[in-house]
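See below for the structure under consideration.
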Amino acid sequence: MTEKTTILNLPEDELVHPGNRACAGCGLSIVYRIGLKALGRNTILVVPPSCLTVLQGLYPIAATQLPCLNVTFASTAAAATGVLGALRALKNKDTTVAAWAGDGGTSDIGLQALSGACERGEDLIFICYDNEAYMNTGVQRSGTTPQGVITTTTPFSGKAQIKKDVPAIIAAHGIDYVATASAAYPLDLYDKIVKAKTIKGPKYIHVHTPCPAGWGFEPRYTVKLGKMAVESGLFDLYEIENHTFRLTGASEKLLGKKRKPVADYFKAQARFRALDDAKIAAVQQEIDEKWAAYSPPA
Ligand SMILES: Cc1ncc(C[n+]2csc(CCOP(=O)(O)OP(=O)(O)O)c2C)c(N)n1
Ligand code: SF4
Ligand SMILES: [Mg+2]
């Protein structure tokens with residue numbers, strides 16, 4: 001079994017400058033800081049319009065020390081493919097190309113380019129930070145916004161449709177590495193990115209990323225909210241490696257244990273205020289059924 005990273009052996013090298021334009025308590029700030037430590041200095045980032053472009057800022061006062069291509073919304077994985085081609089022409093075999101997009105830029109607008117890159121087998125890491133809406137433009141619903149969430153485009157009874165399962169869609173391409181992670185478990189995310197760097201071909205990591213501004217909770221609760229999503233069994237940490245699924249980290253530890261009620265997670269956020277008890281009970285039942293399938297009775 002590979003040694004897990006702890007806070008004691010995380011690299012000290014900081015690739016994100018202190019002070020950036022993200023909101024206080026932004027989950028993306030955690031994901032980005034730890035994610036860049038895992039990717040390392042020999043990395044080229046490809047980023048579409050999103051809160052990340054705001055967090056990174058503009059040259060010459062950018063928050064990141066890595067080279068970064070800011071590209072059009074729909075083109076992230078296609079632009080990353082172009083960077084890979086340029087590196088091949090330069091006979092550069094060791095630079096990592098990481099496409100890094102929000103949920104809107106991944107699950108909706110960038111999905112065809114991502115699908116194409118997966119189908120062609122491009123050697124890139126695609127990281128989606130899922131804050132479950134188009135946050136940078138003022139909280140519009142996206143394909144990954146959960147059912148019932150109030151956004152500026154679903155203002156009354158919340159989003160009618162269910163959350164799009166993007167990791168499952170990408171896994172259906174048959175690529176060798178798909179994983180989920182959470183801003184609340186940065187070391188698990190770190191280890192997954194480090195592992196992804198060792199695998200040839202497309203790698204996809206989907207990161208649940210609490211957003212105080214868009215979800216309606218106090219900035220100091222970012223990690224707590226992320227943990228509640230995992231500990232309730234709503235958002236699961238897993239890997240699909242060489243087509244084999246396994247729960248990891250905090251989700252693996254939940255197997256056979258009592259999970260926290262999902263109602264606590266919903267009630268801690270203003271965006272779920274339209275959910276009544278019957279809808280919450282229906283989600284709880286879905287979670288219970290999913291977990292019964294993870295650990296069928298002996
Ligand atoms: C083609 C196109 N449509 C719309 C926009 C405006 N826009 C910029 S960022 C953004 C939201 C991105 O949402 P997401 O990918 O979830 O990232 P987040 O802002 O949540 O971090 C939108 C709609 C754009 N730049 N290009
Ligand atoms: S809107 Fe949300 S994701 Fe965007 S910078 Fe603010 S807290 Fe972070
Ligand atoms: Mg988003």
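Numbers for residues simply follow the sequence, beginning at 1.
Both Phe217 and Ile280 are assigned to one and the same hydrophobic cluster, defined by single-linkage of ILVMFWY side chains at heavy-atom distances under 4.5 Å. Cluster annotation: Tyr177 and Ile240 are assigned to distinct hydrophobic clusters (Ile/Leu/Val/Met/Phe/Trp/Tyr, side-chain heavy-atom contacts under 4.5 Å, transitive). Hydrophobic clustering, with ILVMFWY side chains joined whenever heavy atoms are under 4.5 angstrom apart, keeps Leu39 apart from Val46. In the hydrophobic clustering of this structure, Leu36 does not group with Ile44; members are Ile, Leu, Val, Met, Phe, Trp, Tyr whose side-chain heavy atoms approach within less than 4.5 Å, directly or through other members. Residue Ile109 is not grouped with residue Leu52 when hydrophobic side chains (ILVMFWY) are merged at heavy-atom distances under 4.5 angstrom, including chains of intermediate members.
Of the possible donor and acceptor atoms, none in the side chain of Thr154 sits under 3.5 Å from a partner among the backbone N and O of Ile150. A distance-only check finds a donor-acceptor pair linking the side chain of Lys159 to the backbone of Ser142 [under 3.5 Å]. Using a distance-only test at 3.5 Å, with no hydrogens or angles considered, no donor-acceptor pair links the side chain of Gln65 to the main chain of His17. Proximity of a side-chain donor or acceptor of Asn42 to a complementary backbone N or O of Asp94 within less than 3.5 Å is detected. With Ser295 contributing its side chain and Ala292 its backbone, the two residues share no donor-acceptor pair below 3.5 Å. Although no hydrogens or angles enter the test, the distance criterion places a donor-acceptor pair under 3.5 Å between the side chain of Thr152 and the main chain of Gly138. Listed for the Ser232 side chain is a donor-acceptor partner under 3.5 Å among the backbone atoms of Met228. No donor-acceptor pair under 3.5 Å is formed between the side chain of Lys4 and the backbone N or O of Gly249. Side-chain atoms of Lys227 do not come within 3.5 Å of backbone N or O of Ala184 as any donor-acceptor pair. Under the 3.5 Å distance criterion, the side-chain polar atoms of Lys197 are matched with a main-chain donor or acceptor of Ala38.
With a 6.0 Å radius and a threshold of 12 heavy atoms from other residues, nucleotides or ligands, Asp277 has its CG atom at or below the threshold. Shown here is Ile162, whose CD1 atom has no more than 12 heavy atoms of other residues, nucleotides or ligands within 6.0 Å. The local environment of NZ in Lys224 is sparse, with at most 12 non-hydrogen atoms from other residues, nucleotides or ligands closer than 6.0 Å. More than 12 heavy-atom neighbours from other residues, nucleotides or ligands sit within 6.0 angstrom of CD on Gln161. In the displayed structure, Arg21 atom CZ is contacted under 6.0 Å by at most 12 heavy atoms of other residues, nucleotides or ligands.
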Audit row: Lys279, Val283, side chain to side chain contact (heavy atoms under 4.5 Å, CB included) steps and yes/no: CA-CA 6 Å; Lys279 285 190 184 136; Val283 178; 5.7 Å; no

Verdict with reasoning, Leu28 to Asn131, per side chain to side chain contact (heavy atoms under 4.5 Å, CB included): CA-CA 8 Å; Leu28 173 60; Asn131 53 22; 6.0 Å; no

Stepwise side-chain hydrogen bond (donor to acceptor under 3.5 Å, both in side chains) test for Asp191 and Thr5: CA-CA 7 Å; Asp191 284 339; Thr5 301; 2.5 Å; yes

Worked check of side chain to side chain contact (heavy atoms under 4.5 Å, CB included) between Leu254 and Leu247: CA-CA 9 Å; Leu254 276 179; Leu247 292 171; over 6 Å; no

side-chain hydrogen bond (donor to acceptor under 3.5 Å, both in side chains) evaluation trace for Asp236 with Tyr294: CA-CA 11 Å; Asp236 303 331; Tyr294 284 156; 2.7 Å; yes

Trace of the side chain to side chain contact (heavy atoms under 4.5 Å, CB included) decision for Gln56 with Leu45: CA-CA 11 Å; Gln56 288 180 320; Leu45 297 169; 3.9 Å; yes

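Rounding to the nearest 0.5 Å gives a distance of 11.0 Å between CZ of Arg246 and CG of Leu237. Rounding to the nearest 0.5 Å places CD1 of Ile127 at 12.5 Å from NE2 of His206. Between atom CG of residue Leu189 and atom OH of residue Tyr32 there is a gap of 13.5 Å, rounded to the nearest 0.5 Å. Summarising the geometry, atom CD belonging to Glu218 is positioned 10.5 Å from atom OG1 belonging to Thr222; distances are rounded to the nearest 0.5 Å. In this structure, Leu114 CG and Ile170 CD1 are separated by 4.0 Å, a value rounded to the nearest 0.5 Å. For the atom pair NZ (Lys37) and CG (Leu187), the distance works out to 10.5 Å, reported to the nearest 0.5 Å.
Looking at Pro202 and Phe126, their side chains never come closer than 4.5 Å, going by heavy atoms from C-beta outward. Side-chain contact between Tyr134 and Thr153 is absent, with no heavy-atom pair separated by less than 4.5 Å. Contact annotation: the side chain of Cys128 approaches that of Tyr204 to within less than 4.5 Å [non-hydrogen atoms, C-beta and beyond]. Side-chain contact between Tyr190 and Pro11: present, with at least one pair of heavy atoms (C-beta onward) separated by less than 4.5 Å.
The aromatic rings of His208 and Tyr265 lie tilted to each other, with the angle between the two planes from 30° to 60°. Ring-plane geometry between Phe266 and Phe272 is classed as tilted, the angle between the planes lying from 30 to 60 degrees on a 0 to 90 degree scale.
Inspection of the Ser50 and Tyr129 side chains reveals an N or O donor paired with an N or O acceptor under 3.5 Å. Between the side chains of His173 and Ser115, at least one donor-acceptor pair of N or O atoms lies under 3.5 Å.
In terms of heavy atoms, Thr145 sits closest to Ala133 at OG1-CA, 3.8 Å. A pairwise comparison of heavy atoms in Gly35 and Trp100 identifies CA-CH2, 3.9 Å as the closest pair. Taking each heavy atom of Val178 and Pro167 in turn, the nearest pair found is CG1-O, 3.7 Å. Considering every non-hydrogen atom in both Thr209 and Gly27, the closest pair reads CG2-C, 3.5 Å. In terms of heavy-atom proximity, Cys68 sits nearest to Val47 at SG-CG2, 3.8 Å. Here the shortest heavy-atom pairing between Arg271 and Pro146 reads NH1-CD, 4.0 Å.
Taking a cutoff of 4.0 Å between a charged side-chain nitrogen and a carboxylate oxygen, Asp130 and Lys163 qualify as a salt bridge. Salt bridge annotation for Asp108-Lys164: present, with a cationic side-chain nitrogen under 4.0 angstrom from a carboxylate oxygen. Remark: Asp288 engages Arg259 in a salt bridge, criterion side-chain N to carboxylate O under 4.0 Å. Remark: Glu132 does not engage Arg141 in a salt bridge, criterion side-chain N to carboxylate O under 4.0 Å.
Just one of Lys203, Lys195, Lys192 meets the salt bridge (Lys or Arg N to Asp or Glu O under 4.0 Å) condition when paired with Glu239; it is Lys195.
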